[in-house]
Amino acid sequence: MKIDSEHLEILAMIVEKGGLTEGAEAMGKSQPSVSRTISNFEKRLGMPLFEPGRRPLTPTEFGRTLAEIGLRMHNLNREASVLVDNFKKGHAGHLRIGGTPLFMDGVITTMLAEFQDQIGGAQFEQTYGYFDSLVSKLRNKTLDMAILPMQVRHTPIDLDFQPLLEGRNVIACRKGHPLTRRGPITLAEIDAYSWVAPPADSPLFRDLKRAILSIGSENFQFTFSGGTLASISSFLARSNCLTVLPYSVVYLMQNQGNIVSLPIKVEHPDRALGVLTRKGERLTPVGKSLIKFLKTECEHLERRMERENQLSKRRP
């Protein structure tokens, strides 16, 4: 015998709430319709669901057992309804995100955690890569979006790019480094120190070489190269080496108190950190919500960095 799940839910609400009227209200139905449903249900089953003549309504053992099943179904239906509602609002869903290691570790992952904390239902599957590998994964649909620095004019015709942060690099070193003292820094002083280089296949490696040249130096002595943001910052914190990092990464690392930027102007990259997605393909609601959130967070970050920059200029 196939049983209508709604009949079980109605039975469960009557038992749970203690009466026909209360059960009807819980199901959003009228009391007469609920009464008819239970009467027809009993006829179909060939057994009573409630003790005849008992007031208040008292379920039979058979009725109570069915009501327990109905309550589980009611709760599962309610859970499914909440999930669907959250999915439509962009408050739930699974996203596969790829990105360049330094920006993902230094900027974006924190924002992903804040986004998840706000909505509660997002799930992220994160991978690392650079332009070529990320574009390939977007095209074969193993990624939903990629977050990377690139020039807007170099966006592939089959993809869309939405900028988040303008490119800006700084020379970074450990807190307490000899060059962090007050006063102008000479090229000879800079050349006395070796460099920590990011991975050789990263855009930041090319930025490092351009930055060194832009300040008039040709000292390409690398003491440490490759590695993650954690290994680069750990090496910097325990040595007198210098490196070039995105200002946003250094700014957010200041709370840890290990890495600082030097007041030396370097050539900034002609690109922006942004989100790359497939053109013409509708993003899931949670994907749209995340991009909107990242844009807002990056706007706030830009303003905070600009205020810090203006304050540093006014310091004696």
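All values below were derived from every heavy atom in this structure, side-chain atoms included, with hydrogens, water molecules and symmetry-related copies excluded.
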Donor-acceptor pair, distance only, cut-off 3.5 Å: does the side chain of [X] make one with the backbone of [Y]?
{"X": "His268", "Y": "Asn169", "result": "yes"}
{"X": "Ser217", "Y": "Leu213", "result": "no"}
{"X": "Thr243", "Y": "Trp195", "result": "no"}

| task | Starting from the C-alpha separation in whole Å, work towards a yes-or-no answer on side chain to side chain contact (heavy atoms under 4.5 Å, CB included) for Leu112 and Ile97. | result | CA-CA 10 Å; Leu112 295 181; Ile97 303 173; 4.0 Å; yes
Regarding [X] and [Y], do their side chains bring together a donor and an acceptor under 3.5 Å, going by distance alone?
{"X": "His74", "Y": "Glu9", "result": "yes"}
{"X": "Arg72", "Y": "Asn75", "result": "no"}
{"X": "Ser33", "Y": "Ser30", "result": "yes"}
{"X": "Arg174", "Y": "Asn240", "result": "yes"}
{"X": "Arg238", "Y": "Ser234", "result": "yes"}
{"X": "Tyr193", "Y": "Asn219", "result": "no"}

Closer than 4.0 angstrom, basic N to acidic O: yes or no for [X] and [Y]?
{"X": "Arg206", "Y": "Asp201", "answer": "no"}
{"X": "Glu189", "Y": "Arg181", "answer": "yes"}
{"X": "Asp85", "Y": "Lys88", "answer": "no"}

Would you name the heavy atoms of [X] and [Y] that are closest together and state the gap between them?
{"X": "Pro198", "Y": "Ile232", "answer": "CA-CD1, 4.1 Å"}
{"X": "Ile3", "Y": "Arg44", "answer": "CA-NH1, 4.1 Å"}
{"X": "Thr277", "Y": "Met145", "answer": "CG2-CB, 3.9 Å"}
{"X": "Leu45", "Y": "Leu49", "answer": "CD1-CD2, 3.8 Å"}

| Neighbour count above 12 (heavy atom, 6.0 Å) for Lys265 NZ |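 Incorrect, the count does not exceed 12.
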| field | salt bridge (charged side-chain N to carboxylate O under 4.0 Å, His left out) partners of residues 13-41, not counting sequence neighbours, each pair once | value |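 Of all non-adjacent pairs touching residues 13-41, those that pass salt bridge (charged side-chain N to carboxylate O under 4.0 Å, His left out) are Glu6-Lys29.
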| field | Aromatic contact, His154 with Phe161 (centres under 6.0 Å) | value |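 Aromatic pair excluded; centres sit 6.0 Å or further apart.
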| request: Check whether Tyr247 and Leu148 end up in the same hydrophobic cluster, where Ile, Leu, Val, Met, Phe, Trp and Tyr are linked by side-chain heavy atoms less than 4.5 Å apart. | output: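 Per the 4.5 Å side-chain linkage, Tyr247 and Leu148 are not co-clustered.
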| said: Side-chain heavy atoms nearer than 4.5 Å, only ILVMFWY residues, links allowed to pass through others: does that put Leu276 and Leu95 together? | reply: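 No.
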| query | Roughly how far apart are Ser248 OG and Leu273 CG, rounded to 0.5 Å? | reply |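 If I round to the nearest 0.5 Å, the distance is 7.0 Å.
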| With Glu281 via salt bridge (charged side-chain N to carboxylate O under 4.0 Å, His left out) - residues at least two apart |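 Checked Glu281 against salt bridge (charged side-chain N to carboxylate O under 4.0 Å, His left out); matches are Lys141, Arg278.
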| Residues in salt bridge (charged side-chain N to carboxylate O under 4.0 Å, His left out) with Arg96, at least two apart? |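 Testing Arg96 for salt bridge (charged side-chain N to carboxylate O under 4.0 Å, His left out), a comparison that skips the adjacent residues, returns Asp144.
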| said: Quick one, Phe205 with Tyr130, criterion ring-ring contact (aromatic ring centres under 6.0 Å, His included). Give me CA distance, side-chain angles, the key distance, then yes/no. | reply: CA-CA 12 Å; Phe205 183 83; Tyr130 295 106; over 10 Å; no
| request: Find out whether His177 and Leu262 are in side-chain contact, i.e. whether some heavy atom of one side chain is under 4.5 Å from a heavy atom of the other. | output: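 In short, these two side chains do not touch, never coming nearer than 4.5 Å.
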| field | 4.5 Å side-chain heavy-atom contact, Leu71 and Glu68 | value |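 SC-SC contact between Leu71 and Glu68 ruled out.
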| Under 30°, 30 to 60°, or over 60°: which ring-plane class applies to Phe293 and Phe115, parallel, tilted or perpendicular? |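 Tilted.
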